[in-house]
Every structure is written in C-alpha cells, then in structure tokens.
Amino acid sequence: MTESTWTRWPSREALDRRRLSEPRRLLAWIVRMLVLGMLLWGVFRSNHVHGWGAVAAVAGLIVTALLAWAFFRTTLAHRLWPSLGLLTVLLGLAVAAQATGFRMPALVIWCGCGITALERLPLAAAVPVSSVALASYSAVNDDVWLTTAATVVGMALAGYVLRLDAEARGNAQRLLTQERAARAAERESAALAERARIAREIHDVLAHSLSAQMVHLEAARLLIENGAERDKILERVVAARGMAREGLAETRQALSALRGEMSPIEDFLSELVAAADGADVTVAGDRRPLPAEASQAVRRVAQEALTNVRKHAPGAKVHLRLEYAEHQVTLDVRDSGGSPGELTGSGAGYGLLGMRERAELLGGSLDAGPGEEGFVVTLKVPV
C-alpha cells in the first residue's frame, strides 16, 4: 500500500450514517440495540450491582454512549487527535470496568473500539488502536487460545470489511452527486442553447423583414426627393407593406419551426421564388427531411440572398439550386448581375455575416462573392 493509503481518512460520505439506505439504517439500529443490551446484561448480572454501585454502573453506561457518539462526530469531521483521545478514554473505561468486576461490558467496549477504529480512522492510527483493543480482549477472554485467536481475526476482518463497504458507498454517493451536477449543467446548457436558438431565429426573421422594408422605403424616399410620380411612390410603399406582411408570416413560420412544425424546405423555396420576379429553383439529389437547425439555415440564407439581389441588382435573374449529398446539403444562389440599384450603398453587410456565423455554428460554411455573371452565395451544411 502507498503512504496515502495509510494516512487517508475514509470519505465523509462513507462516514455519514445519514446517507445510509433504509435497510442499512435499520440494521445499524439493531446492532446498536444489541450492543446496548449486552452492556446492560453484563452490568446488571453482576452480583455486586446494588445501591450506589448500580448508579455508578448506569452513569458509566451513559458516559460510554456519549463518548461513542462524540467519537462518531469527530471522525466524521476528520479530527484525528480528538478521535484518538476519545478512544483512549473508552479503552480506559473498559480497563476500569474489568477492574471493578464488569467483565462483559469491558469485552464489549474493547471489541467495539477495535472494530470502529478500523472502520473510521486512517489506517496508520487505526491499526495500533485496534491492536491494543483486541490484545486487551485476548488477555481478558478466558476461551481457549484458538477460539480467541479466531475471534480476534474475525473482528479485525469485520472492521476492515466495514471500512471497504463504507468507502464503496462513499464513492457511489460521490459519483451520484457528480452525475446529478452533470445533468443539471446539461439541462442548463440545453436551456441556454435553446434560448440562443430562439433569439437567433427571431433576429434573423426581423433582420430580413426590416431590411426588405428598408429597401422599399428608402426607394420611396429617393423617389420623393427626385419628384417622382405619385404612382411610383405608392408602388414602393405598397411593396413595403407587403414585406411587413411577409415578415409577420415569417415570424409565425419561425415560431412553428421552433415547435417542430416546419414545412418541407422544397415547398418553402418554391413559395419564396414565386414571390420574387425572375427567380427559379431546382432541387438535386435524394430528398429527405433535414434537421431543424440545418433547415432554418437554408431558409434564412435563401431569404437574405434574394433580399441582397433586390437591393444591389434589381431586375437580375436569380437561380437557386438545392442539392442533397450523402452527408451535407448545399444551397447555391446565383444572380445574372445587373446595373447597381439606388440602394446599393445601403446596409453594412451584417446579413451575410450573420448567416456565415450560423453556418459555422452548425459545422458548415458560407461563401459569398462575385461569380461569372453576378453574385454567388453558397451554403454548405452537414446533415
């Protein structure tokens, strides 16, 4: 054994009787009652117990019980010297009991000290104390030497087995506590992740909707400043109102997605391009349901890409391609290019930045840049 094994205390979880199961608690109380019964029987069966002798015997039993209780408390607190002091007093009481003719209580105290020392003290202190207690028992016991030796060895083994059993219970208790803490941390992490997901979805919906409205309202402002006709201005205002309605619809859809009620991604893209002039969509690969996060990423990137086309290249043709591969899904959005719109300089590019961050959180990627004709946005998400 290593040095730490000799000097290490049994864990507090192992020494705390309150952590015992109900059957073990019942067994512990039965053992205590048996020990108390043996002490009482040993005291009152003596012929000289009468008058003040009986009072002294009862007082001795009470003091012994209090010392034993104090020993259990000090060992639970891992206080070595007070524990050794209490055991010394108990061994002294056993010697006094033997000297005054109370042989049975003395034997019980010596056996109890020998066993509990091995169970509750560091081995470096428990072995000497237990040796003294069991040696005292052997010296007083009048059985044949073989029986006495077998009894002493049995009690020593019983104390060590109780120690091992307590340590096993303590380890199980610590593992259970750690598992509960891990589960609590996991639940908290899941709650935080869900909150972040909800916040991200609502942010993306509002950012897309408000950005599209801004496109039309800014165009209306420029038309007003340039003295454009009323019908053109009204057209932009009506378009902004339509984008507000779309934003409300998208918000409801996002909430439905968070509840797991999403429509197929192909249907969503078809509806999206139907509402945009000059846009079409193709789907390649074996269609299959996508995880919620991957599906939402594809939807948001498609919306953001179409919004950017309206803003920076109005009138351009847009082609969306959704491709299913074995371990990933790819969305490719290409426009045919065109003359810069009135709102080309508006915005700070935070939409694509947010989409790129969303893709990276899922372990994917988003690339955006000039293509052969216009602008190309490519999203790849593992599934």
Side-chain angles (χ1 to χ4, degrees), residues 9-10 14-17 20 24-46 56-143 147-167 169:
W9 281 86
L15 297 178
D16 192 353
R17 299 291 187 182
L20 292 175
R24 287 179 178 271
R25 288 184 182 180
L26 179 61
L27 181 60
W29 276 108
I30 291 174
V31 171
R32 293 173 189 173
M33 292 300 102
L34 287 175
V35 171
L36 180 60
M38 293 176 65
L39 289 173
L40 291 173
W41 180 73
V43 168
F44 290 103
R45 71 186 290 269
S46 302
V58 172
L61 286 178
I62 295 174
V63 171
T64 301
L66 291 175
L67 290 173
W69 176 83
F71 172 74
F72 274 75
R73 301 304 300 174
T74 55
T75 52
L76 180 61
H78 289 178
R79 299 172 62 191
L80 179 60
W81 292 111
S83 301
L84 292 177
L86 291 168
L87 280 180
T88 302
V89 176
L90 284 170
L91 293 175
L93 285 176
V95 172
Q98 175 66 26
T100 54
F102 296 100
R103 179 173 174 274
M104 180 60 71
L107 294 177
V108 172
I109 294 173
W110 278 321
C111 293
C113 289
I115 293 174
T116 55
L118 286 172
E119 180 187 4
R120 302 182 68 87
L121 289 176
L123 287 178
V127 171
V129 171
S130 182
S131 299
V132 170
L134 296 180
S136 301
Y137 168 84
S138 302
V140 174
N141 190 30
D142 54 4
D143 291 333
T147 302
T148 302
T151 302
V152 169
V153 172
M155 287 189 291
L157 290 176
Y160 192 67
V161 168
L162 288 174
R163 180 191 188 91
L164 295 179
D165 179 68
E167 282 289 5
R169 284 188 287 105

Can you give the donor-acceptor pairs under 3.5 Å from side chains of residues 78-93 to other protein atoms, not counting sequence neighbours?
{"from": "H78", "atom 1": "NE2", "to": "P10", "atom 2": "O", "distance (Å)": "2.8"}
{"from": "S83", "atom 1": "OG", "to": "T74", "atom 2": "OG1", "distance (Å)": "3.0"}
{"from": "S83", "atom 1": "OG", "to": "R79", "atom 2": "O", "distance (Å)": "2.6"}
{"from": "T88", "atom 1": "OG1", "to": "L84", "atom 2": "O", "distance (Å)": "2.8"}

If you define the side chain from C-beta out and look only at heavy atoms, does anything of V95 sit under 4.5 Å from W110?
yes

What I'd like to find out is whether the side chain of L162 reaches to under 4.5 Å of the side chain of L118, using heavy atoms alone.
no

Side chain to side chain contact (heavy atoms under 4.5 Å, CB included) partners for A68, two or more places apart
none

To the closest 0.5 Å, what do you measure between CD1 (I115) and CG (L157)?
10.5 Å

Distance check, rounded to the nearest 0.5 Å: Y160 atom OH versus L164 atom CG?
4.5 Å

Search all heavy atoms of C113 against all heavy atoms of A133 and return the closest pair with its distance.
CB-CB, 4.2 Å

For L134 and M155 the tightest heavy-atom approach is CD2-CE, 3.6 Å

